[in-house]
Amino acid sequence: MQFENSGPADASETARSVGSLDGMAVLTASEMRDAEARAIAAGTPGAVLMERAGAAVIAALFEHWPQFSSGGRACVLCGPGGNGGDGYAVARQLAMRGWTVRLHALAPARHADAAGQARLWSEMGAIEEWERAGESVEGADLVVDALFGIGLTRPLGPEFDRVLAAGAQRVLAIDLPSGLCSDSGRVIGERCFDADLTVSFHTPKRGHILAEGPARCGALFIRSIGLPEEGGSVRLTRSPERLGKGAGHKYGHGHALALSGGVGRGGAARMAARAALRIGAGLVTLACPPAALQENAARLDAIMLRSLRDAEALKQLLEDRLNALLLGPGLGTGPREGELVAQALAAGRSTVLDADALTLVAGDAALQDALHEGCLLTPHDGEFARLVPDIADRMSGPVASGPAYSRLDAAREAAGRLGCTVLLKGPDTVIAAPDGRAVINAAIHGRAATWLATAGAGDVLAGMAAGLMARGRDGFAAGQEAAWLHVEAARRFGPGLIAEDLPEMLPAVMREMGL
């Protein structure tokens, strides 16, 4: 999904653009309604907010499709609530710019400010019956979806079939494509609009960035309409700060230990270990079965090697100054590896569990009980389903009503249950702490990184997190920073990326960011 936040700077002229998205709140529908209510209570009339919203949509429309600045044919579909009120405002402003506008109302406006906008539109054009909306869609250059926005909690009915089948050339959704759950990004029921451009206000909503939201929303513009500073309990990740090394020696920046599998299975752990070193850990050691020492020695220089025969050997190794552990990439899932995971958890150190280690934890209740607050779990969807199958099941299947259960809800619940930080990987990566804190690292604002869909990318992410934990970050902070830098490294490399490239991109990324 493309994300834009540019636009006019003067709210009195139209709607202001939002600032940097780093750390921005990602609101629920309820939180957004609360922000609007606070603005109205502070003296900004709802009608003024609708006028600003309409102006913001027009500005975004012409910015995204400059060819429309000279006019066109629009079909505006209005619902009965506030979103419909925004649609009436857009219709009026398009008509004043010379557009040919046909407007269809699903139902009469029930929202007081929307009813006022409907009256203003009626002085310029007709409010046509819904039954002919499909015909208007077919003849339009642009369809404006102002039906439900963030307020939808029920499935779209068959009355939308004709409109959805009409084959709109371009669809602009106000706030959110109708049919999409604002809090989860999941489709409610079986029908949903697909937008080419979505214009929303104040901050991103969770439905814009989770699940199907990015694909359904198309290009996303966020515009300010003068609401009070955003609240919200969940935010987007922000670029890291203070990753540079000050005075001191290597031990002052931590020592990370990565455990590797046997002969022929060391590649994933080597990439993870290199990522830990590149992110700034003072020392990194890779421990492997004795038979794999020669193979790993041929591929590693700055990363130290230790022989690791069994859990007793790991116990002895942990007597050294090792303050972060990484288990999972290429580790294996046999009894020996289960004992290694148990020994690592018993040590109580900062620990990243990924890949095979997650499989072992998922199949062993004792290992789950041994998880502690210093652990960071980094599952993809399949691993997450093995860890907490009942929670994962709630993220799948049809949605009968909203707000629907989301990936954010799932990661938070899993973190609370397991008592450690969970980083649920995906284009909409969620990092959740056991105390309920959560952030989303989303592929928005031009930060999509489709080239990360390559073998080993997740191993590198785990290594980056382990390196940051060696440097003193807790799991929640390390997960956020690693996820952000992981995407940035992939974006800087671009097409042709393979996992081995990611650690080598980190120095340039951090240098350019002044870290």
Side-chain angles (χ1 to χ4, degrees), residues 256-262 265 268-269 272 276 287-289 308 310-312 314-315 317-318 322 324-395 407 410-426 429-435 438 456 458-466 469 474-476 478-479 482-483:
L257 173 67
L259 271 57
S260 172
R265 294 180 56 87
C288 63
L308 186 68
D310 53 25
E312 182 59 33
L314 177 59
K315 182 179 180 180
L317 186 56
L318 290 175
L322 295 158
L325 311 178
L326 169 61
L327 294 87
L331 180 65
T333 57
R336 168 187 173 274
E337 288 74 31
E339 293 170 1
L340 290 174
V341 173
Q343 184 62 61
L345 292 175
R349 312 280 173 88
S350 295
T351 303
V352 179
L353 299 178
D354 184 46
D356 289 344
L358 295 174
T359 298
L360 289 165
V361 170
D364 189 328
L367 291 180
Q368 288 194 27
D369 290 342
L371 295 171
H372 52 81
E373 288 190 356
C375 293
L376 169 64
L377 312 188
T378 58
H380 56 55
D381 284 351
E383 292 160 345
F384 188 81
R386 290 194 288 274
L387 276 169
V388 283
D390 59 320
I391 295 175
D393 284 347
R394 296 178 64 189
M395 288 194 296
R407 285 172 61 82
R412 276 176 149 172
E413 186 172 348
R417 176 186 298 181
L418 298 172
C420 59
T421 300
V422 173
L423 186 155
L424 178 54
K425 293 183 289 195
T429 293
V430 178
I431 303 101
D435 61 7
D459 303 315
V460 173
L461 174 64
M464 292 167 63
M469 292 172 79
D474 63 16
F476 188 62

Name all residues meeting the side chain to side chain donor-acceptor pair (under 3.5 Å) criterion together with [X]; count only those two or more places apart in sequence or in a different chain, and write none if there are none.
{"X": "R386", "value": "none"}
{"X": "R336", "value": "none"}
{"X": "D474", "value": "none"}
{"X": "D435", "value": "R437"}

Might you point out which heavy atoms bring [X] and [Y] nearest each other, and give the distance in Å?
{"X": "G261", "Y": "P289", "value": "O-CD, 3.3 Å"}
{"X": "A268", "Y": "P329", "value": "CB-CB, 3.6 Å"}
{"X": "A347", "Y": "L318", "value": "CB-CD1, 3.6 Å"}
{"X": "L326", "Y": "A462", "value": "CD1-CB, 3.9 Å"}
{"X": "L259", "Y": "A269", "value": "O-CB, 3.8 Å"}
{"X": "A392", "Y": "A385", "value": "CB-CA, 3.6 Å"}

Close side-chain approach of L331 to V341, heavy-atom, < 4.5 Å: yes

Is any side-chain heavy atom of V388 closer than 4.5 Å to one of V422? no

Quick one: side-chain hydrogen bond (donor to acceptor under 3.5 Å, both in side chains) pairs with a partner in residues 343-365, sequence neighbours left out? R265-D356, D354-T378, D354-K425

Which residue pairs pass the side-chain hydrogen bond (donor to acceptor under 3.5 Å, both in side chains) test with at least one member in residues 325-335, sequence neighbours excluded? none

Once side chain to side chain contact (heavy atoms under 4.5 Å, CB included) is applied, do any residues pair with [X], and if so which ones, sequence neighbours excluded?
{"X": "A482", "answer": "L461, M464, A465, L468"}
{"X": "A344", "answer": "L314, L325, L327"}
{"X": "Q368", "answer": "V361, L418"}
{"X": "D381", "answer": "R407, L424"}

Taking atom [atom1] of [X] and atom [atom2] of [Y], what is their separation to the nearest 0.5 Å?
{"X": "I431", "Y": "L376", "atom1": "CD1", "atom2": "CG", "result": "9.0 Å"}
{"X": "C288", "Y": "L308", "atom1": "SG", "atom2": "CG", "result": "8.0 Å"}
{"X": "F384", "Y": "L358", "atom1": "CZ", "atom2": "CG", "result": "11.0 Å"}
{"X": "L345", "Y": "C375", "atom1": "CG", "atom2": "SG", "result": "5.0 Å"}
{"X": "E413", "Y": "I391", "atom1": "CD", "atom2": "CD1", "result": "4.0 Å"}

I'd like to know if the side chain of E337 reaches the main chain of G334, judged simply by a donor and an acceptor atom lying under 3.5 Å from each other, with no hydrogens or angles considered. yes

